[in-house]
Amino acid sequence: MELGGQRIAKGEMVLCSLTAANRDPSLGADMDRVDPLRDAPSHLAFGHGIHRCIGAPLAQMEMRIAYPALLRRFPSLRLAVPYDEVPFRELAIVYGVKELPVAF
Ligand code: HEM
């Protein structure tokens, strides 16, 4: 079969990177930038299909409540170090920061 212009032979394994898929330029411009107002309904942050994250509605509700509450409480919340110095985890199933120094 062929998928996205790539021929896949019978028995070959296909490993899908959700992180790379979420940066697909067909989803929109500048997909490396965090934009909470972005409309990207086909993102794969919570997976897809039968194993799609069962906690997605809870996680989305928590984010809708927690982020505005955090910014209301600390309106001048900002990075305490230059962005380039924020340490990211290199080997982890879920990508993210090792720590996030902030000032307020
Ligand atoms: C921002 C927060 C979260 C993210 C980004 C996230 C992401 C994901 C992803 C990508 C999958 C699919 C894994 C796969 O395809 O094998 C998944 C599955 C799952 N998630 Fe989440 N998740 C989050 C929060 C939660 C929460 C809050 C819960 C529970 C309260 C939860 C429970 C689960 C469970 C049980 C599965 C397995 C579903 C299955 O295999 O049928 N997740 N999650």
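For the numbers below, each heavy atom of this structure counts, side chains included, while hydrogens, waters and symmetry mates do not. Both ligands and their constituent atoms are indexed starting at 1 by order of listing. The structure presented is a predicted model; accordingly, all values stated were derived computationally and were not measured.
- By the criterion of side-chain heavy atoms lying less than 4.5 angstrom apart, applied directly or through intervening Ile, Leu, Val, Met, Phe, Trp or Tyr residues, Tyr83 is grouped together with Val97 in one hydrophobic cluster.
- In terms of protein heavy-atom proximity, atom 4 (C) of ligand 1 is closest to Phe46 CE2, 3.4 Å.
- Ring geometry for Phe104 against Phe74 counts as tilted: the plane angle lies between 30° and 60°, on a 0 to 90° scale.
- For Ala103 against Ala80, the heavy-atom pair with the smallest separation is N-CB, 3.9 Å.
- For ligand 1, the polar-atom distance check finds an N/O of His51 within less than 3.5 Å of one of the ligand's N/O atoms.
- Contact annotation for Leu18 and ligand 1: only side-chain heavy atoms (C-beta onward) come within less than 4.0 Å of the ligand.
- Nearest approach of Arg52 to Phe46, heavy atoms of both residues: CG-O, 3.3 Å.
- Those atoms of ligand 1 with a heavy atom of Ile50 less than 4.0 angstrom away are 41 (O).
- The side-chain heavy atoms of Met31 and His43, taken from C-beta on, include no pair separated by under 4.5 Å.
- The minimum heavy-atom distance between Val81 and Val86, with the atom names listed, is CG2-CG2, 4.0 Å.
- For atom 2 (C) of ligand 1, the nearest non-hydrogen atom from the set Pro57, Gly55, Ala59 belongs to Ala59.
- When hydrogens are left out, the protein atom nearest atom 35 (C) of ligand 1 is Ile54 CG2, 3.3 Å; that is the closest non-hydrogen contact.
- Heavy-atom minimum distance, Leu27 versus Asn22: CD1-O, 3.8 Å.
- The Leu58 neighbourhood of ligand 1 comprises atoms 30 (C), with distances under 4.0 Å to a heavy atom of that residue.
- Near Ala45, the atoms of ligand 1 lying under 4.0 angstrom from a non-hydrogen atom of the residue are 5 (C), 7 (C), 10 (C).
- Within the set Cys53, Gly96, Cys16, Gly47, the minimum heavy-atom distance to atom 18 (C) of ligand 1 is found for Cys53.
- Contact annotation for Ala56 and ligand 1: no heavy atom of the residue comes within less than 4.0 Å of the ligand.
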